[in-house]
Peer 1: 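I have a structure here, written as structure tokens, and I will follow up with some questions on it.
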Amino acid sequence: IVAAITAIIITLSLLIGLMPSTIALANDDSIILADLEMDKETIAAGLLHDVVEDTIMTDEDLRREFGEDVALLVDGVTKLEQIPLSSPNMDVSEAKLEMQAENLRKMFLAMAKDIRVILIKLADRLHNMRTLGSMPRHKQIKITSETMYLFAPLAYRLGLYAIKSELENLCMKYRFPKEYEEITRQ
């Protein structure tokens with residue numbers, strides 16, 4: 001599967017005029033989706049979900065080159081990415097944060113006309129969490145907060161227990177590094 005995805009990445013990169021390394025970051029997303037045994041359209045959308053925003057490729061180009069299904073999935077992920085996940089007021093109570101997160105989870109599920117959009121978004125978040133070590137501490141805190149309150153419970157709700165557990169473990173690793181280190185040593 002990894003070899004096939006790598007070949008797809010190179011092909012897609014050449015089709016949309018990018019160096020293969022530019023789109024290679026999506027490789028992990030697509031491997032996660034392949035591990036979930038998703039269809040080829042979902043895996044392609046996982047590879048392409050940032051292309052319209054980050055390149056000169058338009059929605060119409062995407063539709064023409066990769067089909068209606070892939071274009072709709074990419075559009076769905078793009079719409080979800082436009083939802084503000086963090087509150088500008090960081091001094092809110094734990095109960096209020098949980099209520100906001102529950103509202104966001106419901107909005108995610110309602111907005112995604114196709115559950116595959118949510119799966120692509122979860123794969124993208126898992127990939128982002130796996131590479132969080134290169135981010136500044138304040139971004140790690142923000143991203144782990146979003147992950148703990150929104151993405152891990154969403155994965156649980158969808159029955160993706162391995163993804164939920166990995167997200168929670170990674171949150172602990174970056175939020176509470178000393179405690180995480182102590183637990184993993186045992």
Side-chain angles (χ1 to χ4, degrees), residues 5 25-39 41-54 72-177 179-180 183-184:
I5 290 172
L25 291 176
N27 191 14
D28 284 346
D29 295 6
S30 60
I31 291 171
I32 293 165
L33 292 166
D35 286 344
L36 290 173
E37 299 181 10
M38 299 306 303
D39 61 352
E41 291 81 12
T42 306
I43 294 169
L47 287 167
L48 296 166
H49 70 87
D50 287 329
V51 167
V52 174
E53 292 176 348
D54 297 344
L72 287 173
L73 291 171
V74 169
D75 184 57
V77 173
T78 301
K79 286 179 180 166
L80 288 183
E81 288 173 347
Q82 293 170 353
I83 297 171
L85 300 180
S86 298
S87 170
N89 179 8
M90 296 308 280
D91 297 330
V92 292
S93 71
E94 189 80 15
K96 179 134 173 111
L97 275 174
E98 184 55 42
M99 189 171 65
Q100 287 174 344
E102 179 61 23
N103 289 337
L104 281 170
R105 286 190 292 270
K106 287 177 183 175
M107 185 168 41
F108 260 50
L109 291 170
M111 281 184 67
K113 295 179 175 92
D114 188 327
I115 195 67
R116 295 176 298 174
V117 169
I118 300 293
L119 296 173
I120 293 166
K121 190 64 187 156
L122 282 170
D124 185 49
R125 178 51 60 124
L126 181 55
H127 169 254
N128 291 343
M129 288 297 296
R130 287 175 177 171
T131 59
L132 198 57
S134 62
M135 299 288 253
R137 180 81 176 136
H138 72 279
K139 287 197 175 201
Q140 291 176 350
I141 298 298
K142 176 184 175 290
I143 291 169
T144 55
S145 293
E146 295 168 359
T147 302
M148 284 189 309
Y149 285 102
L150 180 62
F151 293 100
L154 193 55
Y156 176 80
R157 187 173 287 177
L158 295 174
L160 302 170
Y161 305 118
I163 290 177
K164 173 211 171 265
S165 294
E166 187 174 351
L167 288 171
E168 288 175 336
N169 289 341
L170 289 166
C171 284
M172 182 158 187
K173 178 180 179 177
Y174 293 106
R175 280 303 278 262
F176 308 104
E179 293 86 346
Y180 178 82
I183 290 170
T184 57

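Values reported hereafter were calculated over all heavy atoms of this structure, with side chains retained and with hydrogens, waters and symmetry mates removed.
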Peer 1: When you compare the side chain of Leu36 with that of Thr42, does any pair of heavy atoms fall below 4.5 Å?
Peer 2: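 Not touching, per the 4.5 Å side-chain cut-off.
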Peer 1: Does a side-chain heavy-atom distance below 4.5 Å link Leu170 with Glu166?
Peer 2: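 Yes. Closest side-chain heavy atoms under 4.5 Å.
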Peer 1: Testing the basics here: between Arg137 and Arg175, what is the closest heavy-atom pair and its distance to 0.1 Å?
Peer 2: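 Smallest heavy-atom distance, with atoms named: NH2-O, 3.4 Å.
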Peer 1: Is there side-chain contact between Asp124 and Val77, with heavy atoms separated by less than 4.5 Å?
Peer 2: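 No; the side chains remain at least 4.5 Å from each other.
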Peer 1: Check step by step if side chain to side chain contact (heavy atoms under 4.5 Å, CB included) holds for Arg130 and Ile32.
Peer 2: CA-CA 12 Å; Arg130 287 175 177 171; Ile32 293 165; 3.6 Å; yes
Peer 1: Under the side chain to side chain contact (heavy atoms under 4.5 Å, CB included) rule, what do Leu154 and Lys121 come out as? Steps first, then yes or no, please.
Peer 2: CA-CA 11 Å; Leu154 193 55; Lys121 190 64 187 156; over 6 Å; no
Peer 1: Measure the NZ-OG distance between Lys142 and Ser145 for me, rounded to the nearest 0.5 Å.
Peer 2: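 It is 9.0 Å, given to the nearest 0.5 Å.
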Peer 1: Does a side chain donor of either Thr78 or Asp75 reach within less than 3.5 Å of an acceptor in the other side chain?
Peer 2: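 No pair is found: no donor N or O on one side chain lies under 3.5 Å from an acceptor on the other.
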Peer 1: Identify the heavy atoms of Met129 and Thr147 that sit nearest to each other, and give their distance.
Peer 2: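 Minimum heavy-atom separation between Met129 and Thr147: SD-OG1, 3.4 Å.
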Peer 1: Any idea which heavy atoms bring Leu47 and Ser30 closest together, and the distance?
Peer 2: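 Shortest heavy-atom separation between Leu47 and Ser30 comes out as CD2-OG, 3.5 Å.
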Peer 1: Drop me the distance from Ile31's CD1 to His127's NE2, to the nearest 0.5 angstrom.
Peer 2: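 Ile31 CD1 to His127 NE2: 9.5 Å, rounded to 0.5 Å.
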Peer 1: Considering only heavy atoms from C-beta outward, does the side chain of His49 approach that of Asp29 to under 4.5 Å?
Peer 2: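 The answer is yes, as the side chains (C-beta and beyond) meet within the 4.5 Å cut-off.
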Peer 1: With distance as the sole test, does Tyr174 use its side chain to make a donor-acceptor pair with the main-chain N or O of Gly133 at under 3.5 Å?
Peer 2: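 It does hold such a pair.
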Peer 1: Looking only at atom types and distance, does a side-chain atom of Gln140 sit under 3.5 Å from a main-chain N or O of Leu132, one as donor and one as acceptor?
Peer 2: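 Between the backbone of Leu132 and the side chain of Gln140 there is a qualifying donor-acceptor contact (under 3.5 Å).
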Peer 1: Side-chain contact test, heavy atoms from C-beta onward, threshold under 4.5 Å: evaluate it for Glu41 versus Asp114 and give yes or no.
Peer 2: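 No, too far: nothing below the 4.5 Å cut-off.
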Peer 1: Where the side chain of Arg125 meets the backbone of Ile143, is there a donor-acceptor pair that is under 3.5 Å apart?
Peer 2: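 Looks like yes, one N/O pair under 3.5 Å.
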Peer 1: Can you see which heavy atom on Leu48 is nearest to which on Val74, and at what distance?
Peer 2: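 Where Leu48 meets Val74 most closely, the heavy atoms are O-CG1, 4.0 Å.
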Peer 1: So for atom OH, which belongs to Tyr180, do other residues, nucleotides or ligands contribute more than 12 heavy atoms lying within a distance under 6.0 Å?
Peer 2: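 Counting neighbours around OH of Tyr180, more than 12 heavy atoms of other residues, nucleotides or ligands fall under 6.0 Å, so yes.
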Peer 1: At their closest point, which heavy atom of Leu126 faces which heavy atom of Ile163, and how far apart are they?
Peer 2: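 Closest approach of Leu126 to Ile163: CD2-CG1, 4.1 Å.
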Peer 1: Drop me the distance from Thr144's OG1 to Phe151's CZ, to the nearest 0.5 angstrom.
Peer 2: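 The distance works out to 12.5 Å.
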Peer 1: Write down the atom of Gly46, the atom of Ile120, and the distance for their closest heavy-atom approach.
Peer 2: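 Nearest pair, atom of Gly46 first, then Ile120: CA-CG2, 4.0 Å.
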